[in-house]
Every structure is written in structure tokens, then in C-alpha cells.
Amino acid sequence: MPRKELAVDSVAEAYLALLAERGVEYLFANAGTDFAPLVEAFAKAARTGMPVPQPVLATHENLAFSMAHGYAMVTRRVPAVMVHVSVGTANGICGALNAARDNIPILFTAGRSPLTESGLPGARDVYIHWAQEMFDQAGMLREAVKWDYELRNGQQLETVIDRALSVATTAPGGPVYLSLPREVLAAPLPGFSYDCPARRVAASPPGPDKGAIEEAARLLAAAGNPLIITASAGRDPAAVEALADFAQRFAIPVVQHRPRHLCLPAEHPCHLGYDAGLYLDGADAILVLECDVPWIPSLDAPRPECRVIHLGVDPLFSRYPIRGFPCDLAVTGAAALALPQLGAALDRHVTASVVSERRRRLAEQREALVAGWQKTCEGAAGMRPIHMAWASACIARVKPEDAIIVNEYTLMQEHCGSNLPGSYFGSSTASGLGWGGGAALGAKLAAPDRLVIAVLGDGSHLFGNPVAVHHASAMHKLPVLFIVMNNSMWGAVRRATLGMYPQGEAARSNKPPLIDLDELPAFEQVCAAAGGYGERVEDPAALPAALDRAVRAVTVEKRQALLNVICRGV
Ligand SMILES: Cc1ncc(C[n+]2csc(CCOP(=O)(O)OP(=O)(O)O)c2C)c(N)n1
Ligand SMILES: [Mg+2]
């Protein structure tokens, strides 16, 4: 088997070279004293031309992680993140929770305080090296990662990196964590050789069991009103095509509940929007496809006799402590592999007349749904403060077909649909806020020729460390269009309170506590302070032209832009 030899001086150099060799293009980093051997190795590589990942500086760990997340969701490649020992890890954990629930593979690494108090190269030489050490640094995030380990010596480097990458990328993907003590990185490593290509590779995605597919086909064939609910099937763009074909052939409606990816093109005739609650009652069989929460049981539920099939790489979501949706059949399998097989099996069971009757009904349902959306949008158009439906429709008007939308939960997709697989990304169901701005920058890094639009709430924008985000956009030349749907509040907290206590004190209060965000800064000026274009928009009629100007700033002037859209509350 072919092996490669590298002339390196340190483990740090070999580590970076191996990452590049294994396809890691970027290392998103927030540095500290633990980085000294890596900074040295990067500097040497810049002089010698040895291929290493490109270092991308991020001035907060949350930003580093969300940029990596954004890059990975678009490219489906593994990035590396490196943060400073225990404290940097602590700041990165929210990002790790988001990536874990979104099945995004990321090699999350952190230095470790030097282990030795003197003697070895890299031993402790700053007072923080005592206090920052922890008994179990990885213990903080073990629940959020698929695997964790510490690099103990250079001899084990190849095995450790290959294992980290193969575990992270094997479906269901997710972050892994590797700590890198400073002395180990600094240790001399005369002569490093490794397998090329790697001999420890990721496992193939699971293909479904034939019997389970046959049973699923039987259940769906027996149903008069089957329904598909999905959220993440589109993580794999090949699954979008498979789903579009499957739904179309059998005229099965598809609802995307809180989607994290585009699972079905918005104009597909089987697309029945985003609210599964509307159709649960009529369904007699439901295929829950790559979807952790297909409906909210305390609000809506299918009828007891409705049969429910769950299909996905981990259809039971085994890392969720509790998840009790009815499940008459669980099929383990990647959607792109399973749907064509399910289609072939279903073909043997269904009759053309059943399908054509269903197609007729589906067309009516879709027409009514789209007409309802249209009506809402028309009603919203003149509202001041601006209605999010109108803002979403205005975004739809300016966005090119291949634009990438990063939605930190405020865009209304029914008014701003996308058709291209890989063109829409919603926040992880872990919903650790502060993801959208960084994820949009990572998406732009992955797709420099596409317009990337981040749609954020005023609250989520602040969680995302806006100064750090705008600085990163300028520093790394990643022009993104940020749209802040600013309702001057944590509307979700208000909705939650009114939902639980509709007649309560808070509902009667003009200003219940912990909801309003008074005296918000002029977000557009923060963007402008970093060299971007910024505008505040209060008049709904002025929004389309403001969007045109902002898109122009991003696409023609190649600088970031932010529209601070003053929106209605909830
Ligand atoms: C890290 C983190 N902290 C707190 C929350 C709880 N939370 C969920 S939504 C929300 C408010 C978001 O406000 P905004 O982005 O303005 O959107 P709005 O609800 O106003 O539409 C908060 C605080 C969270 N999801 N993540
Ligand atoms: Mg808000």
C-alpha cells in the first residue's frame, strides 16, 4: 500500500500536513498560548509551501464553530475547529450542541494546558497553565460529540486523526473532539510517514432492510391518505431528487416541519408547506422521513388508527433522551438509498386509479394552501411595522435561484421558497442561538460565487456576537447580506408566556419582564463600522428598493450589507 514520507520537525507540522492530506481545507481557530507550536508550524508551511489547511481566525469560539458548521453544511466536507484549552471549549459547546443535533461532522479540537511544570519543550511558562487545566476537559462536552480522545504522542497521530474523521463522517455524522497537549504538539518528530490514501475510512451509509421496505410499502399502499413529514432529508442533495420522484409518482403530499435543509423544491406539486398540523387529522399513514419532531403532540396528533413509519439513518433518534412519537415501523436507511427501493416496492402494490384520485385531491389542497399564503402576504404588504410575511416575500423577489438562505428562524419560507437542493439551511433543532451570522460566513466561504443571505432575529443576531461577525466578514472577504427582522423583543419568550398563561398577569401587562429589548443599537451602523453597507427600513413600501441596494452592495461592491428591518412584534 502506498505510503508518504514527510520531512517535519514537530508533531504540530505533521498534524497539519495530515489534516490537509485527509481533505480538511480549513481550520477555524480562536487561539491562545496552547497554539504556539501550531502558529509556528503554519508559519513554516507558508514559507516551505507544504500543504496545510487554511487557518481562519475567528474572534469568538461561537463564531469559529458556526463558520465551520456553515462551511460543512454546504460542502459536506469536514472542517477543523481549534479553540483554547478548557475555556475555549466551554465557549464552543453551544456550537457543538447545534452541530450534533444537525449531524454536521466537525473535527473540534482544543489545546490542553501543558501537562509538565518544566523540562519538556512546551512545558508550563505562564500562570494560566495551572488554573486552566481540568481533570476531564472533554467531560464538558462528551454528550455532544460522537467520540473524544487526547493525542498523546506523534507516533499515534495517523490512527487518531483517521479515527476522528471516519467516526465524524459516518452517518449519522457529528462533531468529534480531540485535545492536543502543548508538549505533544511541540515534540520533535523526525520523519513522519503515513498511508496515502487513508486506510481507515468512513463506513458507508446504511441501506434499508428488504423486509422492512416491503412492510413500509404495504402500510403506505393500504392508506388512502398517506403523508410524508420531513425536516432533514435534504441534508443529502441526492435525497431531494429521490423524494421529489417518490412523492410525485405516488402523489403523496410532503410537509416540511421546521426544515433544516431544502427537502423538496418549493414549486413541487406535492409540496404542502410547513405545518404538519393541518393534515394530521386526515392522514391514515405517515412516513416520518429524517425528522426528529414531526408534530407537536400537545397541539396536534394523528388519529390513533393512523400508521406511522419512521425512516432515516437513525430513525429512533437514539441520542434523544425522550422521544415518544408512535412508531409502527422504523426503517434504518439513508433516504437517498431507501426511497428508490420503497418506490419499487410500492409500485407493486398501488393502482393507477388510487394515485390519480390522490393527485387530484393534492392539487386542490395545494391550490388552497398557496392561495392562503398569497392572501396573507397581500394583507401584510402595507403593514407598519413591517410584517415578516411581507419581508420574506420581498427577499424572495431579490434572491437569485441559487442564493443560499441561512435562516436563524425568522424567515417565513412559505413566502420565500427555494427550489435548488442545498440552497436553504435552517438552524439546528438544538436551537443554540447565535449561529446564523457565522454559519452564513461559512457558507460564503464554501460557495464564494453565490449570494448568501442570513435572516436573523434581533435577539439571535445579538447572540451571534455581531461585532465579531462583521469583523470576520471584512477580514476574510466574505460579503454576506444580513437581514435582521427586528421586532425589538425576544418574541419567542413572549409567545411561550402567552401560550402557557393566556389570561395571566404577563398577558395583561403592557410590558412583561424579560421580553422587550429596549434601546437596541443601530445594527446597520455596526455593519457600517466594519466597512459594510447598512440601512434601517421602517416603511414596507421602501423595503424592495432597500433590498436592491443591499444586494448590489454585496454582489457588485463585494462588501457585506445589513438591513435592519423594523418588524411587528408577536
Ligand atoms: C443560546 C440560547 N439562549 C437562549 C435561547 C432561548 N431563546 C429562544 S428564541 C429566543 C428569542 C429570539 O429572539 P429573536 O431572534 O429576536 O426572534 P423573535 O423571537 O423575536 O422572533 C430566545 C432567547 C436559545 N434558543 N439559545
Ligand atoms: Mg426579536
Side-chain angles (χ1 to χ4, degrees), residues 70 262 266-267 373-374 376-420 423-425 436-437 439-441 443-444 447-458 460-461 466 469-470 473-474 477-487 520-568:
L262 182 145
E267 283 162 13
W373 292 343
Q374 186 73 30
T376 306
C377 193
E378 281 160 13
M383 287 188 188
R384 190 174 175 145
I386 292 170
H387 195 290
M388 298 213 191
W390 171 242
S392 303
C394 291
I395 296 170
R397 200 187 61 85
V398 294
K399 122 184 137 55
E401 185 65 22
D402 72 340
I404 295 177
I405 296 269
V406 176
N407 182 17
E408 194 155 20
Y409 110 113
T410 39
L411 183 85
M412 296 177 75
Q413 280 178 275
E414 57 270 44
H415 304 293
C416 186
S418 299
N419 287 301
L420 208 64
S423 61
Y424 174 87
F425 299 93
L441 294 180
K444 183 71 184 173
D449 298 330
R450 294 168 71 179
L451 174 64
V452 178
I453 306 177
V455 185
L456 312 164
D458 47 326
S460 53
H461 183 46
V469 166
H470 292 311
S473 171
K477 309 213 170 358
L478 298 171
V480 160
L481 171 55
F482 302 97
I483 296 174
V484 180
M485 304 273 209
N486 183 352
N487 58 5
L520 280 172
F523 295 128
E524 69 283 8
Q525 290 181 26
V526 181
C527 178
Y533 177 82
E535 216 181 307
R536 176 184 169 96
V537 189
E538 291 185 52
D539 176 1
L543 185 55
L547 274 162
D548 286 338
R549 287 188 289 276
V551 169
R552 193 181 181 285
V554 173
T555 56
V556 179
E557 297 167 30
K558 309 279 183 216
R559 59 186 181 126
Q560 60 186 310
L562 183 146
L563 290 188
N564 184 4
V565 182
I566 307 305
C567 289
R568 324 175 62 71

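Along the sequence shown, residues are numbered consecutively beginning with 1. This structure is a prediction, so every number in the text was calculated from the model and none was measured.
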Shortest non-hydrogen contact from [X] to [Y]?
| X | Y | answer |
| --- | --- | --- |
| Ala443 | Ile404 | CB-CG2, 4.3 Å |
| Ala391 | Ile386 | CB-CG2, 4.1 Å |
| Ala440 | Ala454 | CB-CB, 3.6 Å |
| Cys394 | Pro544 | SG-CG, 4.0 Å |

Can you tell me how far apart [atom1] ([X]) and [atom2] ([Y]) are? Round to the nearest 0.5 Å.
| X | Y | atom1 | atom2 | answer |
| --- | --- | --- | --- | --- |
| Leu451 | Asp402 | CG | CG | 8.0 Å |
| Leu411 | Cys416 | CG | SG | 4.5 Å |
| Leu481 | Leu562 | CG | CG | 8.0 Å |
| His415 | Trp390 | NE2 | CH2 | 11.5 Å |
| Gln525 | Arg536 | CD | CZ | 10.0 Å |
| Cys567 | Met485 | SG | CE | 5.5 Å |

(message) Tell me if the CD atom of Glu267 is crowded by more than 12 foreign heavy atoms within 6.0 Å.
(response) no

Show me the donor-acceptor pairs within less than 3.5 Å that the side chains of residues 376-384 make with the rest of the protein, sequence neighbours left out.
unit_1, atom_1, unit_2, atom_2, d
Thr376, OG1, Gly372, O, 2.9
Glu378, OE2, Gln374, NE2, 3.3

Taking the side chain as C-beta and beyond, is there a heavy-atom pair between [X] and [Y] under 4.5 Å?
| X | Y | value |
| --- | --- | --- |
| Leu543 | Val565 | yes |
| Arg397 | Leu547 | no |
| Pro479 | Tyr533 | no |
| Val480 | Val554 | no |
| Ile395 | Ile483 | yes |
| Pro385 | Glu538 | no |
| Asn564 | Val537 | no |
| Leu520 | Asn486 | yes |

(message) Under a 3.5 Å cutoff, is there a donor and acceptor pairing between the side chains of Tyr424 and Gln413?
(response) yes

(request) Check the pair Val455, Val406 against side-chain contact (heavy atoms from CB on, under 4.5 Å), reporting the backbone distance first and the verdict last. (result) CA-CA 6 Å; Val455 185; Val406 176; over 6 Å; no

Expected output: side-chain [X] to main-chain [Y] donor-acceptor under 3.5 Å:
| X | Y | answer |
| --- | --- | --- |
| Asp458 | Val484 | no |
| Ser392 | Met388 | yes |
| Ser423 | Ser418 | no |
| Glu535 | Glu524 | no |
| Lys444 | Arg450 | yes |
| Arg568 | His387 | no |
| Ser460 | Leu456 | no |

(request) Apply side-chain contact (heavy atoms from CB on, under 4.5 Å) to Leu262 and Phe425, showing your working. (result) CA-CA 7 Å; Leu262 182 145; Phe425 299 93; over 6 Å; no

(message) Just to verify, what does Arg559 make a salt bridge (Lys or Arg N to Asp or Glu O under 4.0 Å) with, not counting sequence neighbours?
(response) Glu557

(request) Could you pull out all residues at least two apart from Phe523 that satisfy ring pair (Phe, Tyr, Trp, His ring centres under 6.0 Å)? (result) His461

